[in-house]
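Here the structure comes first, spelled out in structure tokens, and everything after it is commentary.
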Amino acid sequence: MKYDFTAIEKKWQARWEQEKPFAAKTGDAREKFYGLIEFPYPSGQGLHVGHPRPFTAMDIICRKKRMQNYNVLFPIGFDAFGLPTENYAIKNHIHPAIVTKKNIENFTNQLKMLGYSFDWDRAVDTTDPNYYKWTQWIFLQMYKKGLAYKTTMPVNWCTSCKCVLANEEVVNGVCERCGSEVIRKEKSQWMLAITKYAQRLIDDLDDVDYIERVKTQQKNWIGRSTGAEVTFQTTLGDDLLIYTTRPDTMFGATYMVLSPEHPYVKKWQDKLNNWDEVAAYVDAAAHKSDFERSELNKEKTGVRLDGVMGINPVNGKQIPIFISDYVLVTYGTGAIMAVPAHDDRDWEFAKKFGCEIVEVVKGGNVEEAAFTLKDDTGIMVNSDFLNGMTVKQAIPAMKQWLVEKGIGKEKVNYKLRDWVFSRQRYWGEPIPMVKCETCGWVPLPEEELPLVLPQVDSYEPTDDGESPLSKMTDWVNTTCPCCGGKAQRETDTMPQWAGSSWYYLRYMDPHNDKELASKEALEYWSPVDWYNGGMEHTTLHLLYSRFWHKFLYDLGIVPTKEPYQKRTAHGMILGEGGEKMSKSRGNVINPNDIVDQYGADTMRLHIMFIGDFEKAVSWSNEAVKGSKRFLDRVWNLQDACTDSMEYSAKNETAMHKTIRKVTKDIDELKMNTAISAMMSLVNDFYANGVTRGELKTLLLLLSPFAPHMVEEMWENLGFAAETGKMACQNEWPTWDEAKTVDANVEMAVQVCGKLRGTVVVPVDSEQDTVLAAALAHEKVARFVEGKNLVKVILVKNKLINLIAK
RNA sequence: GCCGCUAUGGUGGAAUAGGCAGACACAAAGGACUUAAAAUCCUUCGCCGUAAAAAGCGUACCGGUUCGACCCCGGUUAGCGGCACCA
């Protein structure tokens with residue numbers, strides 16, 4: 001019988017679709033398992049070979065969980081708002097909704113082609129008004145709690161997309177999507193106060209099982225630092241508040257720096273003797289993008305504020321004040337005390353501008369370079385009451401002194417900024433807010449949700465940076481829900497991150513038109529037990545959705561503090577030479593081609609076999625054959641197996657070992673070694689023969705990996721007649737630990753640490769037995785001859801090492 | 001610069017409470033079957049050496065701990081990812 005994968009895969013996909021064996025049942029008495037993958041963006045190019053890697057892995061986990069009698073929720077959906085679709089629509093004058101619909105259809109077909117056990121009845125689409133109604137609803141709740149606010153601030157402006165970008169969308173000073181230059185621009189924007197959750201976003205990482213690098217990356221991104229805020233008086237009478245993490249070095253503060261945007265600069269305009277020079281510098285800084293500013297970090301620039309001096313509160317000394325763009329207005333207080341002896345940037349600036357350098361921590365040569373080591377060994381000098389203390393002692397001592405004098409206090413700062421939530425784009429969720437001439441910003445009443453995206457003639461953003469919606473005067477002009485007067489709708493839309501911040505909740509109850517999901521469903525399915533996704537989403541999507549979840553938790557809507565109990569990440573699939581796959585390199589692999597040539601089961605198996613799941617791997621078309629060959633070999637066992645349902649003596653140990661290995665490896669995402677264990681077992685079957693019972697076990701183990709072929713064999717071998725379809729099995733093979741070991745083991749024999757041979761002894765043999773066997777070994781004897789056995793080291797069932805002198 | 005990760009045959013990769021390095025595959029070479037090809041099956045496959053053995057060398061590099069190190073420690077180099085004037 002030939003392995004006709006095309007016919008077999010079609011047959012079983014049709015049956016699964018009809019009989020729905022993968023439907024999740026809310027409220028079922030079995031233990032629940034919620035496995036989640038990052039839902040795809042349905043691009044026009046269709047499924048990329050990068051998709052099947054994480055999807056197949058989670059499919060395997062979920063299929064195995066079902067066989068272990070869990071009630072599994074394994075959903076799928078589409079994150080369908082976004083720029084590529086919009087840009088395609090602009091170019092081809094097709095409505096983005098039509099493009100999206102077509103792309104989703106294509107993705108759906110491709111995903112079904114790969115045989116994933118999704119519960120398709122729960123599929124969500126973020127562009128469906130029944131879905132984004134609740135995205136808008138969550139925004140309104142945030143507004144009501146003061147977490148959504150509108151403010152004018154410098155934003156990242158993409159010169160090509162004509163659109164505001166979040167900080168996270170700017171990569172190396174250019175737009176993440178189109179690669180064009182990004183400049184700073186003042187704009188009124190909706191913001192979400194994620195910074196209010198900064199501490200909880202750090203603290204609650206302790207309670208979840210995320211791979212360590214995700215945790216560290218999130219913590220670095222949030223960037224908590226502990227220091228002190230200190231007030232410096234000035235000769236103009238205004239007090240300057242600065243932030244420092246090194247209060248211990250205050251005696252070394254010899255000048256101060258304000259960011260060019262600091263409000264005092266303007267305030268002091270009339271009192272400065274060099275205002276023209278100052279104004280020119282401020283103006284130049286304003287015209288630079290963040291990137292330009294940071295790119296010039298080799299060479300410090302700045303201007304002295306002539307006419308004002310700061311007063312160092314610890315010693316009363318007057319010190320000059322500069323403005324420089326190495327101080328950021330967005331962090332701390334936008335003003336610093338500069339300690340050139342112990343900070344690289346300050347040192348560099350001081351050298352250029354001729355400022356005094358005062359050493360306050362012993363250990364370096366501050367004329368040569370800043371001495372920045374902050375450890376226990378540094379001893380304070382030139383620091384009055386701190387002299388002789390270590391840095392570690394001086395920090396709290398100074399903080400205490402500042403508090404006693406009433407000029408400073410401990411302060412925690414975060415690098416994390418609030419989330420710019422407005423986009424001047426068409427293809428996103430409309431922000432459900434109305435601006436009334438008398439009442440100001442007014443939220444739309446919840447009954448009026450969803451606020452549906454209107455039809456427009458042109459999707460192009462306007463040249464002044466407003467959303468295309470602003471041209472829809474019929475839609476924009478409305479009445480105030482509050483006073484009934486004239487009002488206008490917000491024309492900005494939400495960023496793509498909005499819809500993906502809560503989609504895992506909608507899966508729990510996707511058709512609910514009363515709530516985002518019912519309490520019953522939320523309580524039954526929460527939290528997501530295992531979420532796998534890409535590292536590129538660690539500081540964006542993952543952080544944003546944790547923030548939204550915590551907000552919903554505070555409202556009493558979701559029952560858990562954290563959305564995801566466990567987070568893992570997959571590596572990328574690279575092209576043949578280890579290069580990134582891209583259209584321009586022409587090395588893009590289309591999963592359809594692999595499926596056509598080898599079948600979906602081979603595709604699934606191979607993409608799991610290819611290497612360590614967490615690491616990047618290069619795709620090789622040649623290597624796929626090996627996985628296909630393995631499936632062929634399994635297929636051919638149908639005709640070779642005996643009728644016995646027992647394990648044969650020759651295969652018994654291998655059976656138990658393989659069951660153990662495959663079971664444990666799947667839970668640890670080591671699919672590659674699970675597969676190699678099954679390959680070895682099949683090699684054994686070819687050498688020793690195979691019984692029907694052995695084959696049954698193999699099929700159970702293999703079914704999550706190659707579900708279609710296994711269903712067919714399951715039916716052919718008569719198992720389906722006995723216990724039903726493979727997809728409905730709730731039996732996972734078990735192993736007997738005692739039977740995973742043979743009666744005899746082969747042990748390595750070393751003489752003085754060098755391998756000299758092997759001996760076969762009964763399992764768990766004591767030293768005497770092994771030693772006797774080892775000495776009987778011809779080669780070992782040769783190396784021991786004429787020497788004294790000084791010591792013998794035995795590692796049971798593994799090795800014996802004879803130390804002979 | 002800071003944080004994190006990685007380095008193993010021609011290739012993808014196995015192996016860590018410190019215990020036979022190279023499992024499982026791909027490629028290659030030889031053979032069987034075949035009119036032939038494909039498919040399949042068998043054999044070889046780290047380096048050096050040998051008639052074949054043996055001996056020796058070998059997990060990026062240098063050193064250490066240990067009876068024993070891919071694994072632990074110190075240092076170096078190269079590469080990948082993230083952050084980047086965050087005071």
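Proteins come first, then strands; the chains are lettered A, B, ... in the order of their sequence lines, and each starts at number 1.
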### Query
Is there a donor-acceptor pair under 3.5 Å between the side chain of A:Glu668 and the backbone N or O of A:Asp665?
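Between the backbone of A:Asp665 and the side chain of A:Glu668 there is no qualifying donor-acceptor contact (under 3.5 Å).
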### Message
Rounded to the nearest 0.5 Å, what separates atom CG in A:Leu328 from atom NE2 in A:His262?
### Response
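So the CG of A:Leu328 and the NE2 of A:His262 are separated by 12.5 Å.
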In whole Å, measure the gap between the [atom1] atoms of [N] and [M] for me.
| N | M | atom1 | answer |
| --- | --- | --- | --- |
| B:U35 | B:A51 | P | 41 Å |
| B:A32 | B:A15 | C1' | 35 Å |
| B:C41 | B:C33 | C1' | 8 Å |
| B:A78 | B:U43 | P | 45 Å |
| B:C62 | B:C5 | C1' | 22 Å |
| B:A60 | B:G13 | P | 15 Å |
| B:C61 | B:A39 | P | 39 Å |

### Query
Starting at the 5' end of RNA chain B, what dot-bracket string do you get if Watson-Crick and G-U pairs under 3.5 Å are bracketed, crossing pairs use [ ], other-strand pairs use | and unpaired bases use dots?
(((((((..(((......[....))).(((((.......))))).((........))..(((((..]....))))))))))))....
Hey, does [X] reach any base, or is it just sugar-phosphate, or nothing, if we go heavy atoms under 4.0 Å?
| X | value |
| --- | --- |
| A:Asp612 | sugar-phosphate |
| A:Arg224 | nothing |
| A:Asn683 | sugar-phosphate |

#### Entry: Distance below 4.0 Å between A:Thr538 side-chain N/O and B:G82 OP1 or OP2
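For A:Thr538, the contact criterion (side-chain N or O under 4.0 Å from OP1 or OP2 of B:G82) is not met.
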### Message
Please tell me if A:Tyr326 has a side-chain N or O lying less than 4.0 Å from either OP1 or OP2 of B:A87.
### Response
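Answer no for this pair, as no side-chain N or O of A:Tyr326 is under 4.0 Å from OP1 or OP2.
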Shortest side-chain distance from [X], nucleotide among [options]:
| X | options | result |
| --- | --- | --- |
| A:Lys779 | B:A54, B:C24, B:A14 | B:A54 |
| A:Met679 | B:A25, B:A87, B:C20 | B:A25 |
| A:Thr245 | B:A23, B:G12, B:A87 | B:A87 |
| A:Asn672 | B:C20, B:C26, B:G13 | B:G13 |
| A:Tyr243 | B:G19, B:A87, B:A15 | B:A87 |
| A:Lys415 | B:A14, B:C83, B:C20 | B:C83 |

A side-chain contact here means heavy atoms from C-beta on lying under 4.5 Å apart; do [X] and [Y] qualify?
| X | Y | answer |
| --- | --- | --- |
| A:Phe630 | A:His606 | no |
| A:Pro340 | A:Thr254 | yes |
| A:Arg756 | A:His777 | no |

Between [Y] and [X], is the closest basic N to carboxylate O distance under 4.0 Å?
| X | Y | value |
| --- | --- | --- |
| A:Glu38 | A:Arg567 | yes |
| A:Lys657 | A:Glu737 | no |
| A:Arg246 | A:Asp248 | yes |

Rounding to an integer number of Å, can you tell me how far [X] [atom1] sits from [N] [atom2]?
| X | N | atom1 | atom2 | answer |
| --- | --- | --- | --- | --- |
| A:Glu348 | B:A87 | CD | P | 17 Å |
| A:His342 | B:C85 | NE2 | P | 23 Å |
| A:Asp325 | B:C85 | CG | C1' | 9 Å |
| A:Tyr3 | B:U40 | OH | C1' | 17 Å |
| A:Ile222 | B:G82 | CD1 | C1' | 15 Å |
| A:Gln217 | B:G81 | CD | C1' | 7 Å |
| A:Ile610 | B:A27 | CD1 | P | 14 Å |
| A:Phe630 | B:G13 | CZ | P | 20 Å |

Donor-acceptor side-chain pairing of [X] and [Y] below 3.5 angstrom:
| X | Y | result |
| --- | --- | --- |
| A:Asp742 | A:Thr653 | yes |
| A:Ser627 | A:Tyr598 | no |
| A:Thr301 | A:Tyr281 | yes |
| A:Asp684 | A:Asn651 | no |
| A:Asp764 | A:Asn797 | yes |
| A:Ser225 | A:Asn413 | no |

Which heavy atom of [X] sits nearest to which heavy atom of [Y], and what is that distance?
| X | Y | answer |
| --- | --- | --- |
| A:Ala616 | A:Leu574 | CB-CD1, 4.0 Å |
| A:Met250 | A:Pro313 | CE-CG, 3.7 Å |
| A:Tyr210 | A:Arg546 | OH-CD, 3.7 Å |
| A:Pro247 | A:Leu402 | CB-CD1, 4.4 Å |

### Message
Do A:Arg604 and A:Phe705 form a cation-pi contact, if we require the NZ or CZ to be under 6.0 Å from the six-membered ring centre and within 45 degrees of the ring's axis?
### Response
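Ring-cation test returns no.
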#### Entry: Residues in contact with RNA chain B, drawn from residues 333-341 of chain A - heavy-atom cutoff 4.0 Å
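Those residues whose heavy atoms fall under 4.0 Å from RNA chain B, taken from residues 333-341 of chain A in numerical order, are A:Ile336.
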### Message
Just to verify, which of A:Tyr197, A:Trp419, A:Trp221 counts as forming a ring pair (Phe, Tyr, Trp, His ring centres under 6.0 Å) with A:Tyr544?
### Response
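Of the listed residues A:Tyr197, A:Trp419, A:Trp221, the ring pair (Phe, Tyr, Trp, His ring centres under 6.0 Å) partner of A:Tyr544 is A:Trp419.
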### Query
Using a cut-off of 4.0 Å between protein heavy atoms and nucleotide atoms, how would you tag nucleotides 41-52 of chain B 5' to 3' with B, S and -?
S-----------
### Message
Checking understanding here: a glycosidic angle within 90° of 0 is syn, the rest anti, so what is B:G56?
### Response
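Judged by the O4'-C1' to base torsion, B:G56 sits in anti, the angle falling more than 90° away from 0.
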Give every pair of a protein N or O atom and an N or O atom of nucleotides 2-11 of chain B that lie under 3.5 Å apart, one pair per line with the distance.
| residue | atom | partner | partner atom | Å |
| --- | --- | --- | --- | --- |
| B:C3 | O2' | A:Asn220 | ND2 | 3.3 |

#### Entry: Toward the 5' end of RNA chain B, by each residue's nearest nucleotide, A:Ser680 or A:Val617
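Upstream on the strand: A:Val617.
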#### Entry: First encountered from the 5' end of RNA chain B, between A:Lys670 and A:Asp344
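Its nucleotide being nearer the 5' end, the pick is A:Asp344.
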### Query
Any donor-acceptor pair under 3.5 Å joining the side chain of A:Lys300 to the base of B:C85?
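Flag set: donor-acceptor pair detected.
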Can you tabulate the close N/O pairs, meaning under 3.5 Å, that link protein atoms to atoms of nucleotides 57-60 of chain B?
| residue | atom | partner | partner atom | Å |
| --- | --- | --- | --- | --- |
| B:C57 | OP2 | A:Lys754 | NZ | 3.4 |

### Query
Is it true that A:Phe349 and A:Tyr326 have ring centroids separated by less than 6.0 Å?
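Judged by ring-centre distance (under 6.0 Å), A:Phe349 and A:Tyr326 do meet the cut-off.
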If you restrict it to nitrogen or oxygen atoms, what contacts under 3.5 Å exist between nucleotides 67-72 of chain B and the protein, and what is each distance?
| residue | atom | partner | partner atom | Å |
| --- | --- | --- | --- | --- |
| B:C67 | O2 | A:Asn801 | ND2 | 2.4 |

